[in-house]
Amino acid sequence: MLEVRDVCFSFDGEKNVLEHVSLVVEPGERVVLLGPNGSGKSTLARLLNGSIAPSSGCVRVDGRTEGLARLVGYVRQDPRNQIVSAVVSDEVAFGPRNLGLPRAEVLGRVDEALEACGISGLRDRMTSELSGGQQQLVAIAGVLAMRPRYLVLDEATSMLDPMSRERIARIVERLVA
């Protein structure tokens, strides 16, 4: 369960971006947060993943307050801000390698994540030569290769064409199932 209890967050230590936010998300539940630009949606997503810590209040994932990045996968709106490797297979392997997993397990996770996203054929392609939709699928595959318990998509379909949006929706449906 994702739990946010009375969380406040400030980037500058003075003005809160989030003010006393509370939220509970059960496993398998899908939640959509709507709001205008600057309302704190991305900040909340980063708090859920542990990328940033609350100024006050508490974020718990399955009862834990530490190591949230291993439990909550976070996919950014713009995949160019997430992709760090030149080749697709290296990108998807990046997270599992950083976990110190054995090579055979890393390769298995790469195969599994590429298949889950329907992009096995992109394995040897350069990430810089992919379309925006393909890059977003690679970013999702990279997160899935980490095998998180929860997945937070931060406007992951906002810059995509309708076909790519539908593809991501199908991936989410399969993951929830």
Side-chain angles (χ1 to χ4, degrees), residues 1-84 91-92 94-96 98-99 101 109 112-113 116-117 132-133 135-160 162 164-177:
M1 172 175 11
L2 299 171
E3 298 176 81
V4 177
R5 298 283 182 215
D6 200 32
V7 164
C8 295
F9 181 80
S10 172
F11 286 104
D12 63 9
E14 294 179 21
K15 183 178 186 295
N16 282 337
V17 175
L18 295 177
E19 188 88 37
H20 303 289
V21 173
S22 294
L23 171 72
V24 174
V25 180
E26 299 287 342
E29 186 175 13
R30 285 173 280 178
V31 174
V32 175
L33 296 177
L34 298 173
N37 287 342
S39 64
K41 300 179 304 289
S42 295
T43 301
L44 180 59
R46 292 177 60 202
L47 284 163
L48 289 170
N49 166 265
S51 298
I52 56 175
S55 303
S56 65
C58 184
V59 177
R60 282 190 179 85
V61 178
D62 293 340
R64 295 174 51 184
T65 58
E66 306 267 332
L68 303 186
R70 286 187 174 212
L71 301 172
V72 181
Y74 175 56
V75 179
R76 298 171 184 257
Q77 176 178 353
D78 186 346
R80 294 171 298 181
N81 294 331
Q82 189 157 345
I83 292 174
V84 296
E91 176 62 29
V92 178
F94 183 81
N98 282 322
L99 292 176
L101 299 175
R109 286 186 181 206
E112 179 182 287
C117 292
Q135 287 179 341
Q136 193 63 284
L137 290 167
V138 169
I140 292 170
V143 169
L144 293 180
M146 300 284 293
R147 294 189 180 156
R149 292 184 194 173
Y150 302 90
L151 183 62
V152 175
L153 303 174
D154 186 1
E155 297 190 47
T157 62
S158 66
M159 298 191 304
L160 303 182
S164 296
R165 286 180 182 174
E166 179 58 35
R167 196 168 186 184
I168 289 174
R170 284 193 309 268
I171 291 167
V172 170
E173 287 293 326
R174 283 193 304 268
L175 291 171
V176 171

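All figures in this text were calculated on a predicted structure; none of them were measured in a lab.
- Across every non-hydrogen atom of V75 and Q136, the tightest pair is CG1-OE1, 3.4 Å.
- For the atom pair CD1 (I171) and CG (L144), the distance works out to 7.5 Å, reported to the nearest 0.5 Å.
- Annotation: the span from S164 atom OG to L137 atom CG amounts to 6.5 Å, rounded to 0.5 Å.
- Closest non-hydrogen pair, S22 versus D6, comes out as OG-N, 2.9 Å.
- Partner of Y150 under the side chain to side chain contact (heavy atoms under 4.5 Å, CB included) criterion, out of L175, L48, L2, L68: L2 alone.
- Annotation for R70: atom CZ does not count as buried by contact number, only 12 or fewer foreign heavy atoms lying within 6.0 Å.
- Atoms CZ and CD, from R30 and E173 in turn, are 4.0 Å apart once rounded to the nearest 0.5 Å.
- A 6.0 Å sphere centred on CZ of R174 holds more than 12 heavy atoms belonging to other residues, nucleotides or ligands.
- Checked against side-chain contact (heavy atoms from CB on, under 4.5 Å), A145 has the following partners two or more places apart in sequence or in another chain: V92, P96, R109, A113.
- Residues in residues 10-32 take part in these ring-ring contact (aromatic ring centres under 6.0 Å, His included) pairs, two or more places apart or across chains: F9-F11.
- Here CD of Q82 is found 11.0 Å from CD of Q135. Values are rounded to the nearest 0.5 Å.
- Residues passing the side-chain contact (heavy atoms from CB on, under 4.5 Å) test with E155, sequence neighbours excluded: K41, Q77, S158.
- Separating the OG1 atom in T157 from the CZ atom in R167 is a distance of 14.5 Å, to the nearest 0.5 Å.
- Summarising the geometry of R165 relative to L160, their closest heavy-atom pair is NE-O, 3.1 Å, with the distance given to 0.1 Å.
- Under the salt bridge (charged side-chain N to carboxylate O under 4.0 Å, His left out) criterion, the residue pairs touching residues 49-63 are D62-R149, with sequence neighbours excluded.
- Residues satisfying the side-chain contact (heavy atoms from CB on, under 4.5 Å) test with D12, not counting sequence neighbours, are S10, E14, K15.
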side-chain hydrogen bond (donor to acceptor under 3.5 Å, both in side chains) between D154 and S42, intermediate numbers included: CA-CA 6 Å; D154 186 1; S42 295; 2.7 Å; yes

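- At a threshold of 4.5 Å between non-hydrogen side-chain atoms, the residues M146 and L99 count as touching.
- Distance check: S55 OG to E19 CD gives 10.0 Å after rounding to the nearest 0.5 Å.
- For L23, the side-chain contact (heavy atoms from CB on, under 4.5 Å) test picks out V4, V25, L44, with sequence neighbours left out.
- Here E66 does not pair with R64 in a salt bridge; the nearest charged N to carboxylate O distance is not below 4.0 Å.
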